[in-house]
Amino acid sequence: MQYRELGRTGWKVSTIRFGAWAIGGTWGPVNDKESLDALHRAVDLGVNFFDSADVYGDGRSESLISELCKQRDETIYIATKAGRRLDAHTASGYSRASLASFVVHSLEKLDMEAIDLLQLHCPPTEVYYMPEVFGVLDDLVAAGKLRHYGVSVEKVEEALKAIEYPNVQSVQIIFNMFRHRPAELFFQQAKNRQVGILARVPLASGLLTGKIVFGE
């Protein structure tokens, strides 16, 4: 396994991370024992970075990762996400009270005192133009509830705006053989600011696995 520094966190994280969306049960029935076995297998292979969200099974994947951490001695870094619990998912919902409640929910599921990395979960574009939201995240870091924070984005333009905030440590962005635009417009800017890049949907939701057969 290869390891790289993530932004300015000082962490050496595996270049392959475990995405926990599926084990939350969002994609269909899952078996928690099999999910935990998969998590252990990832650690056995050198993975030390696990990516979840509070809406993956309403915290189910976070709880499984928590159980993993209790059973292993290795250093494990956990990223989770917040924002998609909003109904409706609007920029005005990213209030201090909402963000604080999302963090408390994830801390309970993860059974942690502080979240390693909290990512805003693909918020509406307007949120990136609301410095008060990032101020709330700064306050949560100062309060010891978060170690670091970043964003998960839909658009390159959102990523470029996000890294203008000095304490954004990472940007999770779609990057695969069909989506090259981040490499053209964003990657160098992130490198210049020492912001970590987390590629998401690397297999284009299964299209690049070679397992999807299209009819003639």
Side-chain angles (χ1 to χ4, degrees), residues 6-7 9 11 13-14 16-87 89 93-123 133 136-137 139-141 143-153 168-173 196 198-202 205:
L6 180 65
T9 63
W11 302 342
V13 299
S14 50
I16 297 174
R17 71 187 187 278
F18 188 108
W21 189 0
I23 66 173
T26 308
W27 288 82
V30 291
N31 179 288
D32 284 351
K33 182 183 182 304
E34 291 179 355
S35 296
L36 193 56
D37 286 346
L39 290 166
H40 277 290
R41 181 59 174 157
V43 176
D44 291 342
L45 293 172
V47 174
N48 70 353
F49 191 24
F50 292 79
D51 185 15
S52 188
D54 56 358
V55 291
Y56 295 172
D58 192 26
R60 185 178 184 179
S61 69
E62 291 176 323
S63 295
L64 286 164
I65 293 172
S66 174
E67 186 62 29
L68 170 75
C69 292
K70 293 172 184 176
Q71 297 178 16
R72 304 293 299 225
D73 294 327
E74 295 89 342
T75 298
I76 293 173
Y77 300 105
I78 302 171
T80 193
K81 306 182 194 73
R84 288 290 182 171
R85 298 179 71 81
L86 289 170
D87 186 19
H89 188 220
Y94 281 75
S95 65
R96 180 176 295 272
S98 293
L99 289 169
S101 69
F102 298 155
V103 167
V104 168
H105 180 274
S106 287
L107 286 172
E108 290 175 351
K109 294 294 183 178
L110 291 166
D111 195 18
M112 301 173 68
E113 293 184 0
I115 295 170
D116 291 335
L117 177 68
L118 182 77
Q119 302 164 97
L120 297 184
H121 199 171
C122 298
V133 171
V136 171
L137 297 176
D139 290 345
L140 288 167
V141 172
K145 301 299 183 182
L146 311 177
R147 292 190 173 89
H148 301 287
Y149 66 82
V151 296
S152 182
V153 305
V168 168
Q169 294 286 350
S170 64
V171 173
Q172 187 176 104
I173 191 168
L198 307 177
R200 69 184 183 95
V201 199
S205 300

* Check Leu146 against Leu137 and note the closest heavy-atom contact, atom names and distance. => CD1-O, 4.1 Å
* State, without any angle test, whether Asn48 and Ser14 hold a side-chain donor-acceptor pair at a distance under 3.5 Å. => yes
* Asked: Near Arg72 CZ, under 6.0 Å, is it more than 12 heavy atoms from other residues, nucleotides or ligands?
  -> yes
* Mind checking whether Leu120 and Tyr149 have side chains closer than 4.5 Å, heavy atoms only? -> no
* To do: Give, for atom CZ of Phe50 and atom CD1 of Ile78, the distance between the pair rounded to the nearest 0.5 Å.
  => 8.5 Å
* Indicate yes or no: at least one non-hydrogen side-chain atom of Leu117 is less than 4.5 angstrom from one of Phe49. => yes
* Asked: Strictly by modelled atom types, are Ser106 and Glu62 linked by a side-chain donor-acceptor pair under 3.5 Å?
  -> yes
* Run the salt bridge (Lys or Arg N to Asp or Glu O under 4.0 Å) check on Asp58 and Arg85 step by step: do they pass? -> CA-CA 9 Å; Asp58 192 26; Arg85 298 179 71 81; 2.8 Å; yes
* **Minimum heavy-atom distance Gln172-Ser152, with the two atoms named** => OE1-OG, 3.3 Å
* How about Leu107: does its CG atom have over 12 heavy atoms from other parts shown lying under 6.0 Å from it? -> yes
* Between His148 and Trp11, how do the two ring planes meet: parallel, tilted or perpendicular, split at 30° and 60°? -> perpendicular
* For the pair Asp51 and Arg200, find out whether any cationic side-chain nitrogen is under 4.0 Å from an anionic carboxylate oxygen. => no
* Asked: When you check the gap from the basic side-chain N to the acidic O, do Arg41 and Asp37 get nearer than 4.0 Å?
  -> no
* **Neighbour count >12 (heavy atoms, 6.0 Å) for atom CG, Asn31** => yes
* Structure fact -> Heavy-atom nearest pair, Ala82 first then Asp54, reads CA-OD2, 3.9 Å
* Side-chain H-bond candidate by donor/acceptor type, Ser98 with Ser101, under 3.5 Å -> no
* Asked: If we only count heavy atoms from C-beta on, is the Val30 to Ile23 side-chain gap below 4.5 Å?
  -> no
* To do: Report yes or no: does Lys81 contribute a side-chain atom to a donor-acceptor pair with the main-chain N or O of Ser52 at less than 3.5 Å?
  => yes
* Asked: Side chains of Asp111 and Glu67: closer than 4.5 Å at any heavy-atom pair?
  -> no
* Asked: If every non-hydrogen atom of Cys69 is compared with every non-hydrogen atom of Ile76, which pair is closest and at what distance?
  -> SG-CG2, 4.0 Å
* Asked: Around Asp73, counting heavy atoms of other residues, nucleotides and ligands shown, do more than 12 lie under 6.0 Å from its CG?
  -> no
* **Inter-residue atom distance Gln71.CD - Leu39.CG, 0.5 Å rounding** => 9.5 Å
* To do: Assess the side chains of Gln119 and Ser170: does a donor N or O sit below 3.5 Å from an acceptor N or O?
  => no
* Asked: Can you tell me how far CG of Leu110 sits from NE2 of His105, rounded to the nearest 0.5 angstrom?
  -> 10.0 Å
* Over all atoms of both residues, closest heavy-atom pair of Phe18 and Ala42 -> CD1-CB, 3.7 Å
* Closest approach of Val141 to Arg147 (non-hydrogen atoms, all atoms of both residues) -> CG1-O, 4.0 Å
* CD1 of Ile115 to NZ of Lys145: how many Å apart, nearest 0.5 Å? -> 10.0 Å
* Tyr56 side chain reached by Thr80 side chain, heavy atoms, under 4.5 Å -> no
* Test item: Leu198 and Ile173 side chains (from C-beta on) under 4.5 Å apart, heavy atoms -> no
* To do: Verify side chain to side chain contact (heavy atoms under 4.5 Å, CB included) between Arg84 and Cys122, making sure each step is shown before the conclusion.
  => CA-CA 8 Å; Arg84 288 290 182 171; Cys122 298; 3.5 Å; yes
* **Check: Tyr94/His89 side-chain N/O donor and acceptor closer than 3.5 Å** => yes
